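Comments concern the structure below.
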Amino acid sequence: MVDANAASEEKKKSLNFIELMIEEDLKNGKNNGRVHTRFPPEPNGYLHIGHAKSICLNFGLAEKYNGKTNLRFDDTNPSTEDTEYVDSIMEDVRWLGFQWDKEPYYASDYFDTLHEYAIRLIENGKAYVCHLTQEEASANRGTPNKPGIESPYRYRSVEENLELFRKMRNGELPEGTCTLRAKIDMASPNMHLRDPAMYRIKFAHHHRTGDKWCIYPMYDFAHGQSDYVEGITHSICTLEFEVHRPLYDWFVENIGLTGDRPYQTEFARLNLSYTVMSKRKLLQLVNEKIVTGWDDPRMPTICGYRRRGYTPESIRMFADKIGVAKRENLIDVSLLEHCIREDLNKKANRALAVLNPLKMVITNYPEGQTEELEAINNPEDENAGTRMVPFSREVYIERDDFMEDPPKKFFRLAPGREVRLRYAYFIKCNDVIKDNDGNIVALHCTYDPESKGGKSPDGRSVKATIHWVSAEHAVKAEVRLYDRLFVSPNPDDAEEGKDFKSNLNPDSLKLVTGLLEPSLLKATPGEKYQFERIGYFCADKDFTPEKPVFNRTVSLKDTWAKVSGQM
RNA sequence: UGUCCGAUGGUGUAAUUGGCAACACAACUGAUUCUGGAUCAGUAGAGUCUAGGUUCGAGCCCUAGUCGGACAACCA
C-alpha cells in the first residue's frame, strides 16, 4: 500500500499536454492500455541536445506509463546515411541512460512491407507512376497560395502503373525518370496532399539492404507505416511535421491498416540561447574547422556535452525542467548550466588549482620544509573522504585574489591584509615585489603557525579564504577554458548579408597552463572535479598523467565578478 | 492570397479543465559559511496579445482582429 503521506508530500507535478492525452487514451481503453513510443533518428548526423529533449520525452513517457520505446533508424535515404552515425546514436542514447525495447529497428527492415503497401494503393487506384521530371512536378505543384495542376500521368490504368512500378523496382528505369505518387488532391490547401511522392529511384548502396533496392520510400510513406508495423501507439515528433499529419493519416487509412493504429502528436523543438542546433550549421562548424569535431566541448551535441563534462543526469534534469509544449521557445543556457552545477556540486570532488599564478613566498616558513595538510574532498558528500595536499614555503595563488589597491568590496588579499590559505594557514601580506616595469611578480607574506589546517586558534576571522598550490609540488596541466560558442542569444540574428558565423565568440576557448595539486594526476579520462572557487572541470578523454588536460565544464557562480562588473 | 499551429513575469512551464495566476531559472536583499560556491530566509516582477461577446464569475468558452511560426526536396 502506498504511504498516503509520501504521496501527498511529493508535490504533484502537473502534466504536459502529451501526458494529458495519454491519460485520456488510457481512460478510454485505447490500444488496450498500451503505450509504445519510438525515437526515430535519421543516421546522418550526431545527436544534439534537441534530440536529448525528444529522447527524454519518448523514453520518459514509456517509463511513466509502463510502456516501451523503440529506437528506430529512419534510413530511407541511402545517399546521406551511414553506419558511423548509427553507432554514435546508440552510444548517446545509452549514455543518457535509456534502454530501447529489444533490438534497434530500422525503417529499412520494412522495405518489403512498404513495397506491398504501395502495390495495394496502386491496385486501389490511389497511387500512380508519374513521369514528370523533378522540375515539372515542382512547377505543377503550385504554391501554398495557388492550387497545383494534375499530372498528365495521373490517370494511367492500374495495370500500367503496376507494370511501371515493377520496372522501377527492377532497375529498368534510370534514376530520375519517374516516381510513384499518391493520388490525393492537387488542389489541396495543404501542399503535402498534392500527390506526394512515395518512391523515388536511387541506384545507391544502402548501409543495410545493400543493393537489393533501387527504389526507396519517402519519409511520409515510410514513417507512419513503420510506426504501425512496430505497434507504436504515440508517434511524437516536432512541430514542423504538423502539416504532414493529414498525410500520415491518409496513408494509414487508405492502405487499410487494421487493428491499433499510431497517432502523430507534435511538440515544439528545443531552442537554446547562444547555441545553434541545426544539423546543417553544426556540420558547417565541423567542416570549416571552427570547432575540432562533433565532440568539441563547445558543440551542443551529446558527445560534445559529454566531453565537456556534463552528466546524463544533468541533461535529463534539464529536459525535465524545460517542459513540453507547442509554442516556440528559447531556453536560456543558464538553466542548463544550473543543472550541471546542481549535479556536480553533489558529485564532484574538490581540488586546488591555480590558473593564473602569482608567486607567494612565506618568509617565516622554514626553507626546505614540506608538510602534508588534510583537505576535504567534497563537503557536500561525507563519504567522499579526505586527501593530503603538500604545502611549502613558496606557493602560487590566483592573481585575481590579490589587489594592491583594493576597492571597498574586495575581500581578498591586499597589502597588510590577512587571509586564509584553504586548509593551510592564515597568511598576511607584507611586501609586494615588482619588476622594473612595475609588474607584480611576487608577494612576501608571513604565516601564523598556530593556524595550521586553516583553523583560527584565537577566534579571529579573516574575510577571505583563497586557494593555492605548492610551487615545489605543483603539476602543470593544459586547461581548456570553454565559453559559449556565440556572443548572441540568437546566433541566427545576424546583420544583413551575414550569417550565424558572424556571431561566433572569438573567446570561446582559452588555453592556459594550470598549476594543480599533485593528486589531480590520478584523474582518469572523463573524471569530474571542482577546482575550488573556479569551476567544474573534467579530465579530457585524451588525459594522461604525462599530458594532463582538463576541460572547463562550467564556472562556479561568481558574485565577485558581478560586483566588480567583470560579468 | 491559402492551410495548419501558437500567444501567460526577463526566460521557460503550470493553473484542480469556468473559481483569488503558481513553480523553476535569471535578478535583488539578508543570514550563514575555511569555496564571494553550496545552503537558508526573503523581495521584486505578469493580471494572461487586442477588441467585443457568453457567464454571478473568463488565462481557460465564442466572434473578429493583431503578431509570431510551419508548409511549395525525387530530404527527414
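Proteins get letters first, then strands, A, B, ... in listed order; numbering begins at 1 in each. Keep in mind it's a predicted model, so treat the numbers as computed, not measured.
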(message) Which is it for A64(B), anti or syn, if anything within 90° of zero counts as syn?
(response) anti

(request) Mind telling me if G47(B) is syn or anti? Syn here is a glycosidic angle within 90° of 0. (result) syn

(message) I need the CG-P distance between Asp381(A) and G37(B), as an integer number of Å.
(response) 21 Å

(request) With syn defined as a glycosidic angle within 90° of 0 and anti as everything else, classify U17(B). (result) syn

(message) Any donor-acceptor pair under 3.5 Å linking the side-chain atoms of His192(A) with those of Asp220(A)?
(response) no

(request) Can you tell me the distance, in whole Å, between the CD atom of Gln530(A) and the P atom of G37(B)? (result) 11 Å

(request) Would you please confirm or rule out a distance under 4.0 Å between OP1 or OP2 of G37(B) and any side-chain N or O of Thr559(A)? (result) yes

(request) Give a yes/no on whether any side-chain N or O of Lys409(A) is located under 4.0 angstrom from OP1 or OP2 of G36(B). (result) no

(request) Grab the CG-C1' distance between Leu270(A) and U11(B) for me, whole Å please. (result) 13 Å

(message) Output the rounded distance in Å from CD (Glu532(A)) to P (G37(B)).
(response) 13 Å

(request) Round to the nearest Å and state the distance from Asn16(A) atom CG to A15(B) atom C1'. (result) 15 Å

(request) Please state whether the phosphate of C5(B), meaning OP1 or OP2, lies under 4.0 angstrom from any side-chain nitrogen or oxygen of Arg327(A). (result) no

(message) Between U11(B) and G47(B), how many Å separate the two P atoms, rounded to a whole number?
(response) 13 Å

(request) Select base, sugar-phosphate, or nothing to describe what Arg350(A) touches, counting heavy atoms under 4.0 Å on all strands. (result) base

(request) Would you mind reading off the distance between Leu15(A) atom CG and A22(B) atom P, rounded to a whole angstrom? (result) 20 Å

Show each protein N/O and nucleotides 45-47 of chain B N/O combination with a separation under 3.5 Å, one pair to a line.
none

(request) Provide, to the nearest angstrom, the distance between the CG atom belonging to Asn271(A) and the C1' atom belonging to G6(B). (result) 14 Å

(request) Indicate whether the side chain of Ser334(A) and that of Asp332(A) have a donor and an acceptor atom separated by less than 3.5 Å. (result) yes

(request) Respond yes when some side-chain nitrogen or oxygen of Lys562(A) is under 4.0 Å from OP1 or OP2 of A27(B), and no when none is. (result) yes

(message) Can you see whether Glu337(A) engages Tyr310(A) through a side-chain donor-acceptor pair at a distance of less than 3.5 angstrom?
(response) no

(message) Quick check on Arg208(A): does its CZ atom have over 12 non-hydrogen neighbours (other residues, nucleotides or ligands) under 6.0 Å away?
(response) yes

(message) Whole angstroms only, please: what is the CZ-P distance between Phe537(A) and U35(B)?
(response) 19 Å

(message) Regarding U39(B), can its base be found pairing with the side chain of Glu380(A) as donor and acceptor, where the two atoms are less than 3.5 Å apart?
(response) no

(message) For Ser79(A) and Asn77(A), which I'm curious about, is there any donor-acceptor pair between the side chains at under 3.5 Å?
(response) yes

(request) Treat primed atoms plus P, OP1 and OP2 as sugar-phosphate and everything else as base, then score nucleotides 70-76 of chain B 5' to 3': B for base contact with protein heavy atoms under 4.0 Å, S for sugar-phosphate contact only, - for none. (result) SSBSBSB

(message) Is the phosphate of U35(B) approached by Lys557(A) (side-chain N or O, under 4.0 Å from OP1 or OP2)?
(response) no

(request) Rounded to whole angstrom, note down the P distance from U8(B) over to G12(B). (result) 8 Å

(request) Take atom C1' in A26(B) and the same atom in G10(B), then report the distance between them in whole Å. (result) 7 Å

